[in-house]
There are 2 protein chains.
Amino acid sequence: MVTSKNCIIRLSRYKNALYRLLSLGFLKVFSETLADEVGVTASQVRKDFSLFGISGNKKGGYQIEALLNKLSSILGKDKLQKVIVVGSGHIGTALMKYKGFEKEGIKITAGFDIDPAKCNKSGTVPVLPIGELKDFVKNDAIKIGIIATPDIAAQQVADLMFEAGIKGILNFAPIRIKSPQDSIVNYVNLELELENVIYFVNALNKPLSLSKDSA
Amino acid sequence: MVTSKNCIIRLSRYKNALYRLLSLGFLKVFSETLADEVGVTASQVRKDFSLFGISGNKKGGYQIEALLNKLSSILGKDKLQKVIVVGSGHIGTALMKYKGFEKEGIKITAGFDIDPAKCNKSGTVPVLPIGELKDFVKNDAIKIGIIATPDIAAQQVADLMFEAGIKGILNFAPIRIKSPQDSIVNYVNLELELENVIYFVNALNKPLSLSKDSA
DNA sequence: CTTGTTTTGTTACTTATTTCACAAAATTAA
DNA sequence: TTAATTTTGTGAAATAAGTAACAAAACAAG
Ligand SMILES: NC(=O)c1ccc[n+]([C@@H]2O[C@H](COP(=O)([O-])OP(=O)(O)OC[C@H]3O[C@@H](n4cnc5c(N)ncnc54)[C@H](O)[C@@H]3O)[C@@H](O)[C@H]2O)c1
Ligand SMILES: NC(=O)c1ccc[n+]([C@@H]2O[C@H](COP(=O)([O-])OP(=O)(O)OC[C@H]3O[C@@H](n4cnc5c(N)ncnc54)[C@H](O)[C@@H]3O)[C@@H](O)[C@H]2O)c1
């Protein structure tokens, strides 16, 4: 099993670039071209593919459609991924209203909130009372959840999620989550991301030095 | 100059942990304790500090207040950082309404949008027409911007920002930004983050293997 | 059918990051 | 004062990640 987050992120990028190329009418692609599209080296592309046993044709490159099938399967995009969101505040509703997840095969099937005023069973994405989370998740065998509550509530929400059978969390609250061994928590910490930009702006514009970060 | 993004992110985490410790009444801390708080090794803490010439007291650990001053200065948190947001949609307004940035010394001073219906000069954070961006940024010498527009508009917004003197961007649009050498762009790509969680959930629950990602 | 060209797949190399390990400094105890 | 203990600070060692290089395969041209 490949455990490098960066590597998996690159696979997603390859996939997205391949969709672009496909929509432009290309049927096959060389590692060089794909690398340029994504902003990595051709070696990196071939190495990544090699790690997953993906092979192309010498001199012929890769068939985009076959490649996409492989990548989609690795990334779990061959079936619809159902996701719930806890916390129907600013971030939570932004996510629930976002149209872009659909075309990625990701469907937010429900939101949950502790505040009755935030609940609304009849929206496009229903927002349910937090008390209904466990049954909902169990019934629908949902494995992925998003935490968009204040930090103070995040751990207890996570515990509830794990109890219900969720195995993977994307957490927006600026706090570390204690999680079982067979689960995964990824963090989106916007304060840290901003702080990081601030550091590099200061650092790049104080002395003379060049270096970039890319993602 | 330290150019490792991960290292800088850790500095931010140390800072946040130190504030917690301080608020709990601690005055000094050992690398071991801080490491536990942040979820890294003590060696890592000391090595990071060493890279920035931060030193403590043998046998005595680090004075939290002095340490915080150093870290804050490195991270540019010794002065208020003014930031603008372009795109007053779901993500953009979530950011503008977020109270948490203030206590981090980050102030979103204005939003900008192409849609007159989204503009509103009299809110807590005024939202101005995109045409006013350049003057505003120049007058206020703003160096940091956030892109929260659709992907299709992101590059042109970025170009406008760079032209106005912005040096660092946090970009929420799922697209790579071409940027000048002396600038920095960080990406928050929520689709990729979710896809990543999905991969690891599948990977961890298919075979028997253990491994975790932490942030 | 042979020669030349292109591009993969993988091994070897390089660079970056993290951990180890231990001397030196600081502190406490005797 | 001396010995014992603790914790830092930093080179050296170990791991991880990324790049380069090249043999082997595939194809095209003559
Ligand atoms: N909004 C931003 O731009 C921003 C920026 C950085 C970080 N964050 C982080 O993202 C998280 C969400 O931020 P937000 O601005 O959307 O917050 P918000 O206050 O708008 O929304 C939080 C929601 O969570 C609900 N909630 C609280 N406790 C709950 C519980 N135990 N169970 C279920 N729901 C609960 C609240 O009722 C509310 O609807 C916070 O942790 C915040 O620190 C947000
Ligand atoms: N909302 C989410 O949860 C989510 C999730 C993943 C990615 N994203 C990405 O974040 C970005 C913003 O998403 P959103 O949901 O907030 O979008 P949104 O449609 O709610 O808002 C976009 C805003 O940008 C403005 N805009 C468009 N072109 C502009 C221009 N040239 N100059 C200035 N303003 C302009 C629009 O008027 C609108 O107000 C998008 O790129 C989206 O792909 C959002």
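Here is the naming used below: chain letters follow the sequence lines, and residue numbers restart at 1 for every chain. This is a predicted model, so every value here is computed, not measured.
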- Tell me which of A/Gly60 and B/Phe49 sits closer to the 5' end of DNA chain D, going by the nucleotide each one is nearest to. B/Phe49
- Identify the heavy atoms of A/Val85 and A/Ala148 that sit nearest to each other, and give their distance. CG1-CB, 4.5 Å
- Item | Interface residues of residues 22-32 of chain A with DNA chain C (non-hydrogen, below 4.0 angstrom) | A/Phe30, A/Ser31
- Message: If you apply the rule side-chain contact (heavy atoms from CB on, under 4.5 Å), what do you find for A/Phe112 with A/Ser88, and how did you get there?
- Response: CA-CA 7 Å; A/Phe112 294 89; A/Ser88 183; over 6 Å; no
- Just by distance, do the side chain of B/Thr93 and the backbone of B/Gly89 share a donor-acceptor pair under 3.5 Å? yes
- Item | Presence of salt bridge, B/Glu163 and B/Lys134, under 4.0 angstrom | yes
- Is the number of heavy atoms from other residues, nucleotides or ligands under 6.0 Å of A/Leu24 CG greater than 12? yes
- Message: I'd like to know if B/Lys59 reaches the base of C/dT27 with its side chain such that a donor and an acceptor end up less than 3.5 angstrom apart.
- Response: yes
- Query: Taking atom P of C/dT27 as reference, at what distance in whole Å does atom CG of B/Asn57 sit?
  - Reply: 7 Å
- In residues 61-72 of chain A, which ones come under 4.0 Å of DNA chain C, going by heavy atoms? A/Gly61, A/Tyr62
- Item | Pairwise side-chain contact, A/Leu190 with B/Val188, heavy-atom cut-off 4.5 Å (strictly under) | yes
Mind listing the N/O atom pairs, protein and nucleotides 16-23 of chain D, below 3.5 Å?
unit_1, atom_1, unit_2, atom_2, d
D/dG18, OP2, A/Arg10, NH1, 3.2
D/dG18, OP2, A/Arg10, NH2, 3.3
D/dT19, OP2, A/Thr41, OG1, 3.2
D/dT19, O4, A/Lys47, NZ, 2.8
D/dA20, N7, A/Ser43, OG, 2.8
D/dA21, N6, A/Arg46, NH2, 3.4

- Message: Rounded to whole Å, how long is the line connecting atom CG of A/Leu51 with atom C1' of C/dT8?
- Response: 15 Å
- Message: Could you check whether any side-chain N or O of A/Gln155 sits under 3.5 Å from a backbone N or O of A/Lys178, counting only pairs where one atom can act as donor and the other as acceptor?
- Response: yes
- A/Lys5/B/Glu193 salt bridge by N-O under 4.0 Å criterion: yes
- Hey, which of A/Phe26, A/Phe49, A/Phe30, A/Tyr14 is the one that makes ring-ring contact (aromatic ring centres under 6.0 Å, His included) with A/Tyr62? A/Phe49
- Task: Could you tell me whether the side chain of B/Val86 reaches within less than 4.5 Å of the side chain of B/Met161, counting heavy atoms only?
- Result: yes
